[in-house]
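To start, the structure under review is shown below, and the notes come after it.
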Amino acid sequence: MTVIDLGVPSLGPADPVPADGPLIDTFGRIATDLRVSLTDRCNLRCTYCMPADGLDWLAGEQLLTPDELTRLLTVAVTKLGITSVRFTGGEPLVAKNLEDIVAATAALRPRPEITLTTNGIGLAKRAAKLKQAGLDRINVSLDTVDAARFSRITRRDRLPDVLAGLQAAKAAGLDPVKVNAVLDPVTGLQDAVELLRFCVDNGYQLRIIEQMPLDADHQWQRDRAIGADDVLSALRRHFELTPDSAPRGSAPAELWRVDGNRGVVGIIASVSHAFCSACDRTRLTADGQVRNCLFARQETDLRHLMRTGAGDDALEAAWRAAMWAKAAGHGINDPGFVQPDRPMSAIGG
Ligand code: SAM
Ligand code: SF4
């Protein structure tokens with residue numbers, strides 16, 4: 001199959017779904033990167049993600065069991081060509097068996113790259129065990145290094161736990177440790193400068209992510225969210241940034257070298273410079289739904305299929321069909337954009 005430019009698909013969702021080969025959509029994009037949400041629960045309440053009172057959590061029987069999850073990971077890696085698996089949530093460290101899940105994933109062949117996105121709470125105690133289980137790399141979310149602003153953004157007073165988690169991740173050899181930051185509309189530019197200084201000083205790689213309309217409260221406003229161009233201008237007033245020469249590939253971050261070789265910062269302009277044409281992701285929620293995009297409005301229920309006796313071939317076919325139907329882009333900038341029903345915490349970022 002030829003990889004074609006987005007916007008002019010030669011095939012449509014009505015064409016037959018490929019029965020084998022890579023996990024491809026009608027635009028020729030191939031998904032090799034699986035994002036797995038392990039839980040919708042979280043111990044923070046970040047304003048851009050969760051409501052203050054939390055959500056109606058998924059009930060235990062709605063969650064994939066460890067065996068069901070391992071089965072789907074096996075299908076993904078051995079039949080669908082997934083080469084990298086990122087565990088996320090909700091807060092994935094809330095899953096007490098995370099080390100076992102990582103170890104089971106590391107035992108798959110071909111072994112996928114295994115990464116984790118976490119808020120870092122509880123990481124100080126678990127980073128070394130996760131590394132030992134097979135975790136390759138980690139992203140720790142931190143939006144400010146100011147304790148008062150951290151409490152306001154996350155609605156919890158836990159900055160020291162996150163900082164301890166970061167240190168433990170580095171000590172465990174999870175290299176590079178990346179810091180994910182979503183900027184507050186009011187203090188975000190100041191936070192970005194302080195975060196970059198902190199990351200450069202401590203040997204972490206900062207990734208600044210544009211805030212997307214995925215908050216449970218549906219409060220996102222385009223004109224309030226800080227855009228990548230404004231972030232770059234603010235950073236340039238304090239640091240010398242030069243474009244990183246490494247090829248970007250499907251990576252969402254545009255990378256910049258900081259003050260020569262002191263560090264690297266990535267800007268993820270998901271809204272202002274969308275990179276959907278290079279998307280290589282497929283997503284699995286904690287309740288076993290495949291989503292072909294963060295912003296998808298439809299899901300494919302693999303948990304139901306498994307619990308009604310489907311074989312691996314049927315799971316593979318359903319997953320392929322889900323991805324075949326992937327839209328050209330997230331549509332945030334379209335006039336008729338409708339935010340998905342699930343917030344970020346229930347999808348898995
Ligand atoms: N709890 C973990 C954490 O915060 O890293 C993992 C799940 S969280 C949903 C994954 C990532 O999504 C985090 O880096 C978070 O900052 C980001 N995120 C959450 N809501 C977002 C939004 N509305 N727009 C952009 N990124 C968001
Ligand atoms: Fe929790 Fe992560 Fe959402 Fe913050 S961004 S509320 S840490 S899931």
Side-chain angles (χ1 to χ4, degrees), residues 35-55 57-58 86-95 98 115-123 126 130 137-144 150-159 161-162 165-166 169 174 177-185 188 191-192 195 204-222 224-228 231 252-253 266-272 274-275 281 283-286 291 293-295 330 332 337 339-340 342-349:
R35 305 277 155 135
V36 180
S37 173
L38 294 177
T39 174
D40 58 336
R41 292 175 191 243
C42 188
N43 36 23
L44 297 185
R45 295 286 182 273
C46 304
T47 47
Y48 48 79
C49 181
M50 281 249 191
D53 296 335
L55 293 161
W57 310 124
L58 291 165
R86 177 173 293 274
F87 293 109
T88 177
E91 175 44 48
L93 289 175
V94 167
L98 179 59
T115 55
L116 180 71
T117 301
T118 170
N119 64 25
I121 293 174
L123 183 61
R126 293 171 75 181
L130 286 164
R137 287 189 296 104
I138 197 161
N139 289 52
V140 178
S141 299
L142 176 63
D143 305 330
T144 177
F150 182 95
S151 300
R152 190 167 51 74
I153 293 170
T154 66
R155 302 185 178 110
R156 297 288 185 273
D157 186 14
R158 306 295 297 267
L159 178 62
D161 303 74
V162 182
L166 277 164
L174 292 164
V177 175
K178 293 184 187 169
V179 170
N180 284 11
V182 173
L183 298 181
D184 178 84
D191 289 327
L195 272 167
Y204 310 137
Q205 276 196 21
L206 181 61
R207 295 284 181 274
I208 297 177
I209 309 168
E210 280 183 350
Q211 198 180 126
M212 295 179 278
L214 287 168
D215 56 313
D217 292 330
H218 289 225
Q219 292 297 310
W220 181 87
Q221 290 171 28
R222 175 183 311 276
R224 286 198 79 221
I226 296 178
V231 175
I267 315 276
I268 304 184
S270 335
V271 179
S272 63
F275 38 82
R281 295 190 184 161
R283 295 173 185 275
L284 183 65
T285 64
R291 296 177 65 89
C293 174
L294 270 178
F295 292 89
H330 55 42
I332 299 174
F337 171 73
Q339 186 169 334
R342 285 191 197 241
M344 185 64 128
S345 61
I347 298 172

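In this text, all values refer to a predicted model and were calculated from it rather than measured experimentally. The basis for the numbers below is simple: all heavy atoms, side chains too, and nothing from hydrogens, waters or symmetry mates. Count residues from 1 along the sequence. Numbering of ligands and ligand atoms starts at 1, following listing order.
Here Val182 has side-chain heavy atoms under 4.0 Å from ligand 1, and that is the only part of it that gets that close.
A donor-acceptor pair under 3.5 Å is absent between the side-chain atoms of Arg342 and the main chain of Ile347, judged by distance alone. Put simply, the side chain of Trp220 gets close to the backbone of Gln211: a donor and an acceptor are under 3.5 Å apart. The closest donor-acceptor contact from the side chain of Arg222 to the backbone of Ile332 lies under 3.5 Å. Side-chain atoms of His218 never come within 3.5 Å of backbone atoms of Pro213 as a donor-acceptor pair (strictly under, hydrogens ignored). Put simply, the side chain of Glu91 never gets that close to the backbone of Ser345: no donor and acceptor are under 3.5 Å apart. Within the 3.5 Å criterion, the main-chain N or O of Leu116 finds a donor-acceptor partner in the side chain of Arg86. Proximity of a side-chain donor or acceptor of Arg137 to a complementary backbone N or O of Leu174 within less than 3.5 Å is not detected. In this structure, the side chain of Asp217 does not engage the main chain of Gln219 through any donor-acceptor pair within 3.5 Å. Panel note: side chain Gln205, backbone Val177; no donor-acceptor pair is recorded below 3.5 Å.
Heavy-atom proximity to atom 6 (C) of ligand 1, evaluated over Gly90, Ser270, Cys42, is greatest for Gly90. Atom 10 (C) of ligand 1 has its nearest heavy-atom neighbour, among Leu116, Thr39, Thr117, in Thr117. Looking at Phe87, Trp220, Tyr48 and measuring to atom 20 (N) of ligand 1, the nearest heavy atom belongs to Tyr48.
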Trace of the side chain to side chain contact (heavy atoms under 4.5 Å, CB included) decision for Phe275 with Ile268:
CA-CA 9 Å; Phe275 38 82; Ile268 304 184; 3.7 Å; yes

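The shortest N or O to N or O distance between Ser141 and ligand 1 is below 3.5 Å. In terms of polar-atom proximity, defined here as any N/O pair under 3.5 Å, Gln211 makes no such contact with ligand 1. Residue-to-ligand polar distances place Thr118 within reach of ligand 1: an N/O pair is separated by less than 3.5 Å. Polar contact with ligand 1: present for Met212 (N/O pair, distance under 3.5 Å). Between Asp143 and ligand 1, no pair of N/O atoms sits closer than 3.5 Å.
Of all the atoms in ligand 1, the ones that sit under 4.0 Å from a non-hydrogen atom of Glu91 are 1 (N), 2 (C). The Glu210 neighbourhood of ligand 1 comprises atoms 25 (C), with distances under 4.0 Å to a heavy atom of that residue. In the vicinity of Asn180, heavy-atom distances shorter than 4.0 Å reach the ligand 1 atoms 14 (O). Listed by number with element, the atoms of ligand 1 under 4.0 Å from a non-hydrogen atom of Asn119 are 2 (C), 3 (C), 5 (O).
Two residues are said to be in side-chain contact when any heavy atoms from C-beta on lie closer than 4.5 Å; Tyr204 and Leu142 fail this criterion.
Partner of Asn139 under the side-chain hydrogen bond (donor to acceptor under 3.5 Å, both in side chains) criterion, out of Asn180, Thr88, Thr118, Thr115: Asn180 alone.
Shown are the protein N/O/S atoms under 2.8 Å from atom 1 (Fe) of ligand 2, given by residue and atom: Cys42 SG.
Atom 9 (C) of ligand 1 has as its closest protein heavy atom Met344 CG, 3.4 Å.
Arg291 CZ to Arg35 CZ: the interatomic distance, rounded to the nearest 0.5 Å, is 14.0 Å.
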